Amino acid sequence: MKLATWNVNSLSVRLPQVLDWLQANPVNVLVMQELKMTDDKFPADAFAQAGYAAQWFGQKTYNGVALLSRTPATDIVKNIPGFDDDMARVITGTVNEIRVIGAYFPNGQAPGTEKFEYKMEWLKGLRSWLKAEMAAHPKLMLMGDYNITFDDADVWDPEGMRDQIHCTDEERYHLNALVAMGLTDSHRLFAQPPKSYSWWDYRDYGFRRNRGMRIDHILVSAAIKPLVQSCLIDKTPRKNERPSDHAPVVIEIAA
DNA sequence: ATGCCTCAGCTCCTGAGA
C-alpha cells in the first residue's frame with residue numbers, strides 16, 4: 001500500500017500535473033495541501049474518473065486540503081477538534097483501517113510575529129487532539145506540509161537559516177514533541193540521498209541548485225513503523241513547467 | 001538584496017508563501 005502527500009500550491013493550476021502523477025504513481029492515498037480553492041470548485045469528477053474517492057476542505061485564496069483514496073475514506077474530520085481555526089488546514093479519514101491525517105501546518109512567517117504565535121498555538125492544539133486520536137487509532141499516519149525542519153540535514157544552508165522560520169528551536173520543540181508521543185519520521189528509517197529536500201524556493205534557481213528544505217513529512221505510529229518498506233521524495237514533478245514549489249513524498253507499507 | 005519566483009484577487013499592483 002502506498003500513500004503520498006503533496007503541497008500542490010493551487011489545485012486549479014496543478015490539476016493536470018496531479019492527474020498525470022497519479023497515473024504514473026497509482027498510490028492508494030494522496031493527501032494534498034494548499035488547494036487555494038473553495039469547495040464548490042473542487043474537481044471531484046476528474047479524480048473519480050481517475051479512480052479516486054475524494055474528501056476535501058477548501059478555502060478561498062489560501063490553505064485548503066484534500067484526501068484522495070482508492071477506497072472511500074470513512075469517519076472524516078475537518079481541522080482540529082477543540083482548536084478554533086478560521087483556516088482549512090487538516091483533513092482526517094480512515095482508509096484500510098489506517099487513520100490518515102493530512103495537514104497543512106501554519107507557515108509562521110517569522111519568529112516574533114503574530115503568525116508565528118498562531119503556529120505555536122496550532123501545534124499545541126494539534127498535539128492535544130492527537131493524543132486522543134492516537135489512543136483511539138493505533139495505526140495512524142500524520143502526513144503533510146509541516147513547515148518545520150528536523151535539523152541541519154533538512155536545510156541547504158543551515159548557517160544562513162539558523163533561527164529563521166522553519167528552523168527555530170521553538171518549532172523544532174513541537175516537532176520533537178510529536179516524536180516523543182510515539183510518532184516516527186519515516187524518511188529517516190532509510191538511507192536517503194544526501195541533501196534530500198521536499199521544497200525549493202521558486203526564486204534564484206532554487207531547485208536547479210538544490211537549495212531547498214525538507215519540510216514535508218510522513219510520521220507514523222508505533223503500529224505502522226514495522227510495516228514501512230520505503231519513504232521517498234519524488235522530485236520528478238518539480239521538473240515540470242509551472243511546478244509546485246513542493247515535491248510529493250511517498251511511503252510504502254506492507255498491507 | 002525590503003531582491004530573485006509564483007499564485008490569487010478588492011487583478012496591471014499587493015500580500016503571502018517558505
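Naming convention: chains lettered A, B, ... in sequence-line order (proteins, then strands); numbering from 1 in each chain. What you see is a predicted model, and the numbers here were worked out from it, not measured in a lab. Excluded from the calculations below are hydrogen atoms, water molecules and symmetry mates; all remaining heavy atoms, backbone and side chain alike, are included.
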Problem set entry | Earlier contact from the 5' end, DNA chain B, for A:M213 and A:V13 |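 With A:V13 and A:M213 compared, the 5'-side residue is A:V13.
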
For this session: Find which nucleotide of DNA chain B each of A:H246 and A:L11 is nearest to by heavy atoms, and output the residue with the more 5' nucleotide.
Result: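 So the residue in question is A:L11.
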
Exercise. Does a sphere of radius 6.0 Å around NZ in A:K78 hold more than 12 heavy atoms from other residues, nucleotides or ligands, not counting ones at 6.0 Å or beyond?
Worked result: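 Enclosed.
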
Problem set entry | Other residues, nucleotides, ligands: >12 heavy atoms within 6.0 Å of A:Y173 OH |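 Open.
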
In this structure, how many angstroms lie between the [atom2] atom of [N] and the [atom1] atom of [X], rounded?
{"X": "A:Y62", "N": "B:dT14", "atom1": "OH", "atom2": "P", "result": "14 Å"}
{"X": "A:E34", "N": "B:dT6", "atom1": "CD", "atom2": "P", "result": "15 Å"}
{"X": "A:D204", "N": "B:dG3", "atom1": "CG", "atom2": "C1'", "result": "9 Å"}
{"X": "A:M87", "N": "B:dA16", "atom1": "CE", "atom2": "C1'", "result": "11 Å"}
{"X": "A:R208", "N": "B:dC4", "atom1": "CZ", "atom2": "P", "result": "17 Å"}
{"X": "A:N7", "N": "B:dA16", "atom1": "CG", "atom2": "C1'", "result": "13 Å"}
{"X": "A:W199", "N": "B:dT6", "atom1": "CH2", "atom2": "C1'", "result": "12 Å"}
{"X": "A:L15", "N": "B:dA8", "atom1": "CG", "atom2": "P", "result": "13 Å"}

Using the [atom1] atom on both, measure [N] against [M] and round to a whole Å.
{"N": "B:dT2", "M": "B:dC13", "atom1": "P", "value": "23 Å"}
{"N": "B:dC12", "M": "B:dA1", "atom1": "C1'", "value": "25 Å"}
{"N": "B:dT11", "M": "B:dC7", "atom1": "C1'", "value": "12 Å"}
{"N": "B:dG9", "M": "B:dC4", "atom1": "P", "value": "22 Å"}
{"N": "B:dG3", "M": "B:dG15", "atom1": "P", "value": "12 Å"}
{"N": "B:dT14", "M": "B:dC10", "atom1": "C1'", "value": "11 Å"}

Establish, with yes or no, whether the OP1 or OP2 oxygen of [N] is under 4.0 angstrom from a side-chain nitrogen or oxygen of [X].
{"X": "A:K36", "N": "B:dG15", "answer": "no"}
{"X": "A:Y104", "N": "B:dA18", "answer": "yes"}
{"X": "A:K115", "N": "B:dA16", "answer": "yes"}
{"X": "A:R14", "N": "B:dC7", "answer": "yes"}
{"X": "A:N107", "N": "B:dA18", "answer": "yes"}
{"X": "A:S10", "N": "B:dT6", "answer": "no"}
{"X": "A:R242", "N": "B:dC5", "answer": "no"}

Regarding [X], tell me which of base, sugar-phosphate or nothing describes its non-hydrogen contacts under 4.0 Å with the strands shown.
{"X": "A:N63", "result": "nothing"}
{"X": "A:Q164", "result": "nothing"}
{"X": "A:N147", "result": "sugar-phosphate"}
{"X": "A:R211", "result": "nothing"}

Problem set entry | ILVMFWY network linking A:L140 to A:L178, side-chain heavy atoms under 4.5 angstrom |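 Same cluster: A:L140 reaches A:L178 through Ile, Leu, Val, Met, Phe, Trp or Tyr contacts under 4.5 Å.
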
Problem set entry | Shared hydrophobic cluster for A:L232 and A:F190 (ILVMFWY, side-chain gaps under 4.5 Å) |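 No, because A:L232 and A:F190 fall into different hydrophobic clusters, even though each may have its own neighbours under 4.5 Å.
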
Problem set entry | A:L30 vs A:L22 side-chain heavy atoms within contact, under 4.5 Å |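 Side chain of A:L30 against side chain of A:L22, heavy atoms only: contact under 4.5 Å found.
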
For this session: Answer whether the closest heavy-atom distance between the side chains of A:W56 and A:D39 falls below 4.5 Å.
Result: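 Yes, side chains in contact.
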
Exercise. Which listed nucleotide (B:dA18, B:dC7, B:dA8) is nearest to the side chain of A:N9?
Worked result: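 The answer is B:dC7, which lies nearest to the side chain.
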
For this session: From the options A:I218, A:V27, A:L227, select the one residue that forms a side-chain contact (heavy atoms from CB on, under 4.5 Å) with A:I251.
Result: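 Between A:I251 and the candidates, side-chain contact (heavy atoms from CB on, under 4.5 Å) is satisfied uniquely by A:I218.
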
